[in-house]
Protein chains: 4
Amino acid sequence: MPNSKKTTAVQPAPGRRRELLATAAEVFAAHGYNATTVRRIADRAGLLAGSLYYHFDSKESMLDEILTGFLDELWAGYDAVLAAGLGPRETVESLVVESFREIDRHLWAVTIYQKEARHLATQPRFAYLAESQARFEEVWLGTLERGVAEGVFRPDLDVRLAYRFLRDTVWVAASWYRPDGDRTPEEIARHYLSMVLDGITLPADR
Amino acid sequence: MPNSKKTTAVQPAPGRRRELLATAAEVFAAHGYNATTVRRIADRAGLLAGSLYYHFDSKESMLDEILTGFLDELWAGYDAVLAAGLGPRETVESLVVESFREIDRHLWAVTIYQKEARHLATQPRFAYLAESQARFEEVWLGTLERGVAEGVFRPDLDVRLAYRFLRDTVWVAASWYRPDGDRTPEEIARHYLSMVLDGITLPADR
Amino acid sequence: MPNSKKTTAVQPAPGRRRELLATAAEVFAAHGYNATTVRRIADRAGLLAGSLYYHFDSKESMLDEILTGFLDELWAGYDAVLAAGLGPRETVESLVVESFREIDRHLWAVTIYQKEARHLATQPRFAYLAESQARFEEVWLGTLERGVAEGVFRPDLDVRLAYRFLRDTVWVAASWYRPDGDRTPEEIARHYLSMVLDGITLPADR
Amino acid sequence: MPNSKKTTAVQPAPGRRRELLATAAEVFAAHGYNATTVRRIADRAGLLAGSLYYHFDSKESMLDEILTGFLDELWAGYDAVLAAGLGPRETVESLVVESFREIDRHLWAVTIYQKEARHLATQPRFAYLAESQARFEEVWLGTLERGVAEGVFRPDLDVRLAYRFLRDTVWVAASWYRPDGDRTPEEIARHYLSMVLDGITLPADR
DNA sequence: GATGAATGAGGTTTCATTCAT
DNA sequence: AATGAATGAAACCTCATTCAT
């Protein structure tokens with residue numbers, strides 16, 4: 001996305017939309033999509049409810065745009081990691097770090113995704129959520145299986161269970177993470193990783 | 001499950017309430033509390049929407065009853081564990097096992113809790129959710145701190161992070177757990193614990 | 001649903017629906033479907049706008065029911081005429097008489113049909129309107145062609161033009177016909193027929 | 001059609017209004033006045049909805065201008081016929097021919113008129129519609145009565161019924177007439193007249 | 001215990017219109 | 001002449017809840 005402030009004037013009028021979407025995302029995240037009234041978004045954005053429809057087709061299309069915006073960036077990040085051809089452990093580490101970065105950048109979208117994805121995925125318009133989730137599972141499961149096969153992860157690992165464990169563990173962080181905290185997403189990711197990879201007990205304990 | 005269907009049948013309506021609550025819980029869990037219409041519950045239960053009001057004051061009171069029913073049992077279980085005076089590691093293990101048992105028994109209630117607790121807790125009627133969560137945090141944090149102090153857990157553990165990690169890890173399981181699966185809650189709990197306590201990598205890797 | 005009104009108990013609850021539909025039809029006819037607000041119907045019927053939705057799915061479904069009710073009866077009448085196997089002239093006469101009877105019985109539905117059928121027919125839900133119209137044309141055109149072939153109608157008759165002429169001529173009557181007038185539908189039909197069949201000029205003029 | 005596109009191009013906007021009105025008329029005719037959104041007209045004309053308000057006061061004023069434009073020309077034509085002092089039969093013939101010519105030239109306006117005149121006539125702004133209709137009735141009824149009195153039309157003619165018959169018969173043609181068809185308005189008028197004046201049956205039948 | 005009918009508040013959306021630029 | 005953004009009223013519809021029967 002070209003952002004050369006100073007020379008070009010390519011943007012048709014991206015500003016207002018983006019602001020409104022940010023507001024909508026925040027309110028959706030706070031109260032849930034269904035419980036959020038279009039009027040609440042409008043109030044927060046400083047215009048009347050009906051005026052939102054100049055910018056968006058519907059409440060649903062706002063949600064759509066928020067989720068696709070997030071997923072597009074997420075997969076860009078993931079694909080870059082996967083393209084690097086790392087070993088299983090390093091892949092897991094990089095994916096987790098990348099995930100925390102996305103939480104940092106798309107906190108509200110992640111929150112919404114967590115709460116709404118499951119039932120939205122059943123609607124045709126949001127079928128891409130199901131697709132994304134399927135690919136997600138594929139990537140993680142593959143990495144874990146490779147790790148077990150290569151002796152990097154424990155041979156007795158229940159891969160499906162570990163997948164859910166990792167997936168939930170990471171994304172649920174959106175429920176308490178605040179971007180203005182005193183730790184960077186990378187720091188939090190590292191700490192998470194040390195627990196996930198090595199456990200919380202002292203090695204001596206084993 | 002006390003179900004003494006043996007003596008009389010003159011009772012005013014002992015089991016009907018319970019049935020209706022079970023139905024309501026299932027629908028709430030499937031679609032979310034707000035998105036669930038009273039009519040959907042009634043349809044599923046085989047009566048008309050208005051007729052539910054003979055049994056319950058309001059939709060909200062159904063939710064209330066579902067959540068308190070769950071929390072009461074949960075704390076009964078937790079208190080029993082805590083009263084046993086176990087060491088930190090064993091306490092963690094027992095609490096996790098107990099949690100999975102509650103997921104097994106109150107799957108829908110747990111699902112609802114996960115989705116709705118945060119914003120419900122702000123309403124006076126559901127203040128007990130906030131209290132419960134505070135006590136929950138207290139118990140877990142205390143156990144973890146004790147474990148670090150006693151050298152059972154790693155000294156570099158970020159206790160708050162580990163708390164959230166454990167908490168989320170356990171409860172999120174409600175999103176995929178099905179009581180009719182081929183593993184008992186205890187088995188799943190054990191596997192979870194082995195990941196959490198010892199990590200997913202091979203010890204040799206360290 | 002105990003409804004043993006001593007003798008028959010066949011009606012499930014047809015009364016209210018029918019009343020409301022009659023009211024809706026009248027208002028639709030008076031102001032046009034689109035221009036009619038659901039509130040106007042409700043006001044006239046003596047309840048609140050939202051209450052209509054206890055009886056009907058939507059404003060559109062009211063319209064649907066009104067139109068199908070009319071068309072079903074219309075075709076019952078037409079089919080009876082066609083089954084009689086009359087000659088072309090008598091068929092035309094009977095169809096016209098039957099049409100005026102339907103105008104008398106379904107005045108509002110006919111009025112609505114006249115105003116809305118064309119654009120409604122393009123919507124899938126109202127595809128039956130197009131079908132009905134196609135069959136209508138088939139019946140009339142067939143009768144007229146038969147009449148020309150048998151020497152009953154003028155050989156120089158433009159059959160398509162005559163069809164439209166007859167069709168419009170009859171149905172447009174709904175725009176001024178009032179059931180409480182001093183002439184029966186049959187009388188009016190007869191007068192129409194004498195104009196259509198024999199012209200308005202004096203035979204001597206030819 | 002004065003179209004002196006030869007001198008200058010400094011005019012404020014002579015043809016633009018006319019173009020926009022033509023577009024509006026077409027859309028009004030296609031979807032009905034109420035169902036037509038100002039945006040639909042603007043889309044078709046290639047500008048934004050708000051921009052129409054530079055040219056017109058309101059949607060209603062567009063309608064107004066369309067209808068008066070049509071009625072003015074119609075009455076110019078009718079008045080010319082009436083001024084000719086023809087006999088009843090010839091007057092009827094000329095009026096019908098003139099009407100078909102107006103349908104040819106003002107197809108969309110006629111269509112709109114047919115659909116909307118009745119309820120518009122109740123609004124003060126469109127009172128001229130009621131006046132026009134009254135004069136219309138006066139002219140036709142007078143001609144028919146004169147024809148009966150002079151023995152040109154059948155003595156048993158119900159003049160009011162015949163008036164409606166003629167009126168509807170003519171104008172309803174706008175619902176199927178297409179200017180680019182293979183017959184001129186005059187030809188169609190002649191055929192209509194032969195049906196109306198002499199009937200559709202063979203004279204021998206009488 | 002349950003039904004049928006209704007209420008009333010509030011939700012999303014549409015749309016003619018305005019106005020600064 | 002036209003745009004982009006917004007207004008405000010009103011539309012259709014939903015839904016928890018009530019209540020006489």
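Naming: A, B, ... by sequence-line order, numbering from 1 per chain.
- Between the CZ atom of D:F28 and the C1' atom of E:dC15 there is a distance of 13 Å, given to the nearest Å.
- Set against E:dG4, E:dT12, E:dA6, the side chain of A:V38 has E:dT12 as its closest nucleotide.
- Residues C:L20 and B:L52 each lie close to DNA chain E; by heavy-atom proximity, the contact nearer the 5' end of the strand is made by B:L52.
- Here the nucleotide nearest the side chain of B:K59, chosen from E:dT13, E:dA2, F:dA16, is F:dA16.
- Closest non-hydrogen pair, D:A174 versus D:V110, comes out as CB-CG1, 3.5 Å.
- Distances were taken from every side-chain heavy atom of A:R16 (C-beta onward) to each of F:dA6, E:dT3, F:dA11; the shortest belongs to F:dA6.
- Looking at heavy atoms from C-beta onward, A:Y113 lies in side-chain contact with A:L71 at the 4.5 angstrom threshold.
- Not a single donor-acceptor pair under 3.5 Å links the side chain of C:S51 to the backbone N or O of C:L47.
- Nearest nucleotide to the B:L48 side chain, out of F:dT3, E:dA5, E:dT3: E:dT3.
- For the pair B:G69 and B:H106, the tightest heavy-atom approach, listed with the atom from each and the gap, is O-CE1, 4.2 Å.
- Between the side chain of A:S132 and the main chain of A:Y128, no donor-acceptor pair closer than 3.5 Å is present.
- The shortest distance between the side-chain N/O atoms of C:Y53 and the OP1/OP2 oxygens of F:dC13 is below 4.0 Å.
- Of the candidate nucleotides E:dT13, E:dT17, E:dA2, E:dT13 has the atom lying nearest to any side-chain atom of A:S58.
- When the nearest nucleotides of DNA chain E are assigned to B:Y54 and A:D57 by heavy-atom distance, the more 5′-ward of the two goes with B:Y54.
- Between E:dG1 and B:S51, no contact under 4.0 Å exists linking OP1 or OP2 to a side-chain N or O.
- Distance, D:I41 CD1 to E:dC15 C1': 12 Å, rounded to whole Å.
- Summarising the base pairing, F:dC15 is matched to E:dG8 through a Watson-Crick or G-U wobble pair whose two defining distances lie under 3.5 Å.
- If you check every strand for non-hydrogen atoms under 4.0 Å, D:T37 touches sugar and phosphate atoms only.
- Rounding to whole angstrom units, CZ of residue B:R39 and P of E:dA5 are separated by 14 Å.
- Side chain of A:A49, nearest nucleotide from E:dG11, E:dT13, F:dC13: E:dT13.
- Across all strands shown, the partner of E:dT21 is F:dA2, judged by Watson-Crick or G-U wobble contacts whose two distances both fall under 3.5 Å.
- Proximity note for A:L47 (side chain, C-beta onward) versus F:dT7, E:dA16, F:dA16: the nearest is F:dT7.
- Counting non-hydrogen atoms under 4.0 angstrom, A:T36 reaches the backbone sugars and phosphates but no base.
- Between A:D43 atom CG and F:dT7 atom P the separation is 11 Å, expressed in whole Å.
- In this structure, B:R17 atom CZ and E:dG1 atom P are separated by 11 Å, rounded to whole Å.
- Rounded to an integer number of Å, the gap from CE of C:M62 to P of F:dC12 is 9 Å.
- If you check F:dA6, F:dC12, F:dG8 against the side chain of A:H55, the one that comes closest is F:dA6.
- If you find the closest nucleotide of DNA chain F to B:Y33 and to A:G50, the one lying nearer the 5' end belongs to A:G50.
- Each of A:F28, A:W108, A:F126 was scored for a ring-ring contact (aromatic ring centres under 6.0 Å, His included) with A:Y33, with one residue passing: A:F28.
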